[in-house]
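Sequence lines set the chain letters: A, B, ... in the order given, protein chains first and strands last, and positions in each chain run from 1. What you see below is based on every heavy atom in this structure, not just the backbone, and it leaves out hydrogens, waters and symmetry mates.
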Amino acid sequence: MANFRVSEWRKLPVSLAELCIDTTLRCGQSFRWKKLRDDEWSCALHGRILSLRQDSTHVHYRTTRSNILYPPSPPSSARSSAVTPNAEDEETEALLKHYFNLTPNLTAMYEQWSSVDSNFKKRAPKFTGIRILKQDAWEALVGFICSSNNNIIRISQMVNNLCLHYGPLVGHIDDQAFHDFPPPEALTGPGVESHLRELGFGYRAAYIAKTAKIVANEKPDGWLQNLCNPEPYDPNPDQKPLPEGGREGYREAHEELLQLQGVGPKVADCVCLMGLGWGEAVPVDTHVWQIAQRDYGFGKGKHKSLTKATYDAIGDRFRQLWGKEAGWSQSILFAANLRTFSERVATKIEVDVDEVKIKQEDGTIVESKVVVKRQYVVDEVKEEPDDDKASIIDIETSRSQRAKRRRA
DNA sequence: ATCATACCTCCATT
DNA sequence: AAATGGAGGTATG
């Protein structure tokens, strides 16, 4: 195992309210992180494996690198790495801060959204620390092309398969291979589409192959990166309201992305938000559509179904409500609505006991007790539980001790 | 503009 | 056990 070297653990002070890596890495933004050991997440990024743990006060991180590709620093600087951070550690910390987008004050943002939106205030407390990642735009693009008509488990399998077959090997942890995400040029070959089909990508195989060719061959160098939001994060945003439909740069990036194969409005917004730094991008998928109907009055009148017009109207409504970082707020409500996290949603169990008389074929009547247990999602805004949202979790039927017998 | 349909595959549910 | 529907949609008519 001399081929790889593992750095010391280092730590960065971060509260769980500012970043919860478990929720952030499981909420469907990124598809490559693996939880190998208890509470330790790892992912290949920029030629190294980054591993993370978190406690209530810090994020702990370390890297695993290949000695062959990334030889150790000279002895002069390797000496005191435990006390004095060397260049590699500095670089890793910078990567961590960048990837997890740690500059914005998330606690203040939650407070702001809570003060203007009672629904957010109600649902967010169990989903704190969710940040929008600054992922590589190309990786986000391919990942979300894979997401159409798909579920997070399979998307992750597909993306991992893509990296395994087309991405450079970065290292191993416990015999688990970690590959970096393949650049567009790696996916332009003639056999890519059919190979991806064999790998189970379905109709998305063609989308990825075509999009890779467009990006690598038809667009100028740096085309995708240049769609990034150039503005640094501003903790004291100016008073001028966000333009209807978002800033010009966002609208342009969205429009450009729509030219690609397999990229519609939703995928384009995912890339804008999570890969290009446009906080006002609001991807409206089936979950957000459900949320918009349930909590924000959509699904009736003019916006009965999720047409393009409705899609845009939902984005505009959320931007108007939550502002420049509407996409962040949307993602928090999205996570709160995921089945993956349903155990966090407060539930209430209601038990009904009914006496039932059952007349049997032979004329005898049997008295039975039917116990029905229903589970509700507790809704603190509406006191009344919705019957249509209750799910029956258990029914017991017991015949009473002495069944009364009568003549027919 | 809106609507309907096909598209790959996997999985849970019926 | 075979059928159905849904999964973080998009392209086409």
Side-chain angles (χ1 to χ4, degrees), chain A residues 23-33 127 130 132-133 135 139-162 192-212 214 254-275 281-295 298-316 318 326-342 391-393 395:
Chain A
T23 316
T24 300
L25 296 180
R26 290 200 301 140
C27 72
Q29 288 193 65
S30 57
F31 305 104
R32 277 192 317 128
W33 287 86
F127 296 88
I130 299 178
I132 294 298
L133 301 172
Q135 301 183 73
E139 174 175 350
L141 175 57
V142 175
F144 288 110
I145 286 175
C146 292
S147 77
S148 77
N149 236 309
N150 210 345
N151 58 68
I152 294 177
I153 305 285
R154 186 156 82 112
I155 300 164
S156 303
Q157 287 167 353
M158 287 161 61
V159 169
N160 274 308
N161 250 175
L162 188 72
V192 171
E193 178 180 341
S194 58
H195 185 210
L196 292 181
R197 272 191 180 271
E198 286 167 23
L199 291 175
F201 280 65
Y203 58 85
R204 303 162 198 88
Y207 292 161
I208 292 169
K210 285 176 188 164
T211 292
I214 295 173
H254 190 271
E255 196 179 307
E256 289 284 308
L257 290 169
L258 289 181
Q259 301 169 7
L260 303 169
Q261 278 297 303
V263 181
K266 187 267 177 184
V267 170
D269 273 328
C270 285
V271 177
C272 282
L273 179 63
M274 298 160 204
V282 176
V284 180
D285 56 30
T286 57
H287 289 271
V288 176
W289 172 230
Q290 283 172 21
I291 292 167
Q293 293 175 87
R294 185 190 63 196
D295 302 329
F298 286 86
K300 301 175 266 202
K302 191 177 184 310
H303 302 300
K304 205 168 170 61
S305 65
L306 186 49
T307 62
K308 183 71 175 83
T310 304
Y311 185 102
D312 292 340
I314 293 171
D316 285 335
F318 286 176
W328 290 56
S329 186
Q330 172 268 5
S331 299
I332 292 153
L333 293 186
F334 171 84
N337 212 49
L338 277 182
R339 246 204 342 258
T340 322
F341 299 127
S342 59
S391 59
I392 296 170
I393 57 173
I395 299 177

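At a threshold of 4.5 Å between non-hydrogen side-chain atoms, the residues A:L141 and A:V263 count as touching.
If you measure from atom CG of A:N149 to atom C1' of B:dT5, you get 12 Å, rounded to the nearest angstrom. Between A:F144 atom CZ and C:dG9 atom P there is a gap of 11 Å when expressed in whole angstrom units. For the pair A:I152 CD1 and C:dG6 C1', the interatomic distance rounds to 14 Å; values are reported in whole Å. In this entry the distance linking CG of A:D312 with C1' of B:dT2 reads 14 Å, nearest Å. The OH atom of A:Y207 sits 11 Å away from the P atom of B:dC7 (whole-angstrom rounding). Distance CD1 (A:I145) to C1' (B:dT9): 18 Å, rounded to an integer number of Å. In this structure, A:M158 places its CE atom 12 Å from P of B:dC8, rounding to the nearest Å. A:L338 has its CG atom 18 Å from the P atom of C:dG6, to the nearest Å.
Nearest-nucleotide mapping onto DNA chain B: of A:R339 and A:K308, the residue sitting toward the 5' end is A:K308. Both A:R197 and A:T310 lie near DNA chain B, and the one whose nearest nucleotide falls closer to the 5' end is A:T310.
Counting non-hydrogen atoms under 4.0 angstrom, A:L196 reaches nothing in the nucleic acid. Across all strands, A:C27 comes closer than 4.0 Å to base atoms (heavy-atom distances). Here A:V263 lies in heavy-atom contact (under 4.0 Å) with sugar-phosphate atoms only. Note on A:Q29: a base of the nucleic acid sits closer than 4.0 angstrom, heavy atoms only. When heavy atoms are screened at a 4.0 angstrom cut-off, A:G262 is found touching the sugar-phosphate backbone but no base atom.
If you take CG on A:L257 and CZ on A:F144, they are separated by 12.5 Å, rounding to the nearest 0.5 Å. Within the model, atoms CG of A:L162 and CZ of A:F201 stand 5.0 Å from one another, a figure rounded to the nearest 0.5 Å. Atom OG1 of A:T286 and atom CG of A:L306 lie 9.0 Å apart (nearest 0.5 Å).
B:dT13: Watson-Crick or G-U partner is C:dA3, with both key distances under 3.5 Å. For B:dC8, there is no paired nucleotide, since no Watson-Crick or G-U wobble pair has both relevant distances below 3.5 Å.
The side chain of A:S305 approaches B:dC3 more closely than any other nucleotide in the set B:dT9, B:dC3, C:dG8. Comparing B:dT2, B:dC8, C:dG8 against the side chain of A:Y203 picks out B:dC8 as the nearest. Which of C:dG8, C:dT10, C:dA7 sits closest to the side chain of A:S147 comes down to C:dG8. Closest to the side chain of A:T286, from the set C:dT10, C:dG9, B:dC3, is C:dG9. Checked against C:dG8, C:dA7, B:dT2, the side chain of A:A309 finds its nearest nucleotide in B:dT2.
A donor-acceptor contact shorter than 3.5 Å is absent between the side chain of A:Q261 and the backbone of A:I214. Side chain of A:T310 to main chain of A:S305: a donor-acceptor pair is present (N/O by atom type, distance under 3.5 Å, no hydrogens or angles).
On a pure distance criterion of 3.5 Å, a polar donor-acceptor pair joins the side chain of A:R204 and the base of B:dC8. For A:K266 against C:dG9, a side-chain-to-base donor-acceptor contact under 3.5 Å is absent.
Remark: the separation of the P atoms in C:dG8 and B:dA6 is 23 Å, to the nearest Å. Rounded to whole Å, the P atom of B:dA4 lies 15 Å from the corresponding atom of C:dG6. Atom P of B:dC11 sits at a distance of 23 Å from the matching atom of C:dT10, rounded to the whole Å. With both ends at atom C1', the span from C:dG5 to B:dT5 equals 16 Å, rounded to whole Å.
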query: Stepwise, does the ring-ring contact (aromatic ring centres under 6.0 Å, His included) test hold for A:Y311 with A:F298?
result: CA-CA 10 Å; A:Y311 185 102; A:F298 286 86; over 10 Å; no
